[in-house]
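Okay, so here's the structure we're looking at.
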Amino acid sequence: MRLVELEIARHDWGGMLCGCGGSAQHLARDLLRLADGDPGQEPGHVDLEEHVWSAAVLWEPAPAVASVALAALADDVPPAARERYLDLLQCLVAGEGTDGESARRGLDLPELCRGLARQGLWLLYGEVMSNRFPGTVGAAFEILTVVEPDRARLQRVREVAADWLPVCCRTGLCDEDLPGLDR
Ligand SMILES: [Zn+2]
Ligand SMILES: [Zn+2]
């Protein structure tokens, strides 16, 4: 069993309320499809907007999904799947609010997701520095601009990786657009 499958299997999806109003059980299947794709299809024809995240809020499954995305990064999933998982993680760390039900239970879902991404700091730096997959470098760096408390370290990597970072990351243009740490 691969790391990403192991992490998907670890969570009680059926016990969580999805943004679509139903049980989050379907996310287990969606996240697997995101890792592999259907046969003959590219991975990632799965849109979790309005299920896990939206422009306004994150829903209960968001932290579990963030964990799965980090497990996928540590795993040997195809480049297109890494890209999809990183995009998903970026939507989660950029989250601004928590759905009403979770908020009543005292949860701050965006902050939980940022905390998880912070635990995966070196995975994200590894993705940036290895420059193995051009499509993932920008997303990994932009997640770091939100969650990295050590701004000097981030700045150092920005300089060292300047040759292959997208121009928005190199110039710091994308930092301002993302909520998160005080700067
Ligand atoms: Zn749903
Ligand atoms: Zn950027």
Side-chain angles (χ1 to χ4, degrees), residues 8 11-35 38 44-69 73 79 82-95 97-102 107 109 113-114 117 120-121 123-148 150-151 153-181 183:
I8 291 170
H11 296 278
D12 174 24
W13 303 100
M16 297 180 218
L17 189 63
C18 193
C20 62
S23 141
Q25 188 62 56
H26 70 89
L27 291 179
R29 194 182 57 241
D30 295 341
L31 289 166
L32 264 183
R33 273 180 51 210
L34 205 60
D38 290 327
H45 285 284
V46 174
D47 188 359
L48 299 184
E49 186 173 4
E50 304 301 334
H51 295 276
V52 180
W53 64 276
S54 73
V57 295
L58 303 185
W59 282 279
E60 189 183 2
V65 171
S67 294
V68 171
L73 272 193
R82 301 178 82 77
E83 222 172 302
R84 285 304 185 129
Y85 271 118
L86 274 167
D87 289 346
L88 185 55
L89 187 59
Q90 192 172 6
C91 293
L92 298 177
V93 301
T98 296
D99 76 85
E101 188 56 40
S102 301
L107 299 175
L109 296 178
C113 290
R114 288 190 277 268
L121 203 69
L123 274 177
L124 295 164
Y125 273 125
E127 197 73 22
V128 172
M129 292 304 286
S130 74
N131 192 22
R132 280 178 303 169
F133 312 111
T136 65
V137 167
F141 190 85
E142 285 175 16
I143 294 167
L144 284 165
T145 67
V146 179
V147 304
E148 167 62 289
D150 187 336
R151 306 313 282 180
R153 180 160 58 202
L154 185 72
Q155 189 53 33
R156 187 78 190 100
V157 168
R158 196 198 303 275
E159 288 160 16
V160 171
D163 283 350
W164 61 89
L165 276 176
V167 66
C168 60
C169 301
R170 204 184 320 142
T171 56
L173 204 67
C174 50
D175 288 36
E176 262 86 45
D177 298 337
L178 295 168
L181 301 166
R183 307 193 176 92

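Atoms within a ligand are numbered from 1 in the order they appear, just like the ligands themselves. Small disclaimer: the values here were computed from a predicted structure and weren't measured. The figures here come from the full heavy-atom set of this structure, side chains too, leaving out hydrogens, waters and symmetry mates.
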- request: May I ask you to check whether Glu142 brings an N, O or S atom to under 2.8 Å from the Zn ion (ligand 2)?
  value: yes

When you measure from the side chain of [X] to the backbone N and O of [Y], does any donor-acceptor pair fall under 3.5 Å?
| X | Y | answer |
| --- | --- | --- |
| Tyr85 | Val68 | no |
| Trp59 | Ala24 | no |
| Thr98 | Leu109 | yes |

statement: Answer key: the N, O or S atom of His51 nearest to the Zn ion (ligand 1) is ND1

- request: Give a rough value, rounded to 10 degrees, for the angle at the Zn ion (ligand 2) between atoms SG of Cys174 and SG of Cys168.
  value: 110°

- line: Here the vertex angle at the Zn ion (ligand 1) for NE2 of His26 and SG of Cys18, given to 10°, is 110°

query: Between Glu127 and Arg82, is the closest basic N to carboxylate O distance under 4.0 Å?
result: yes

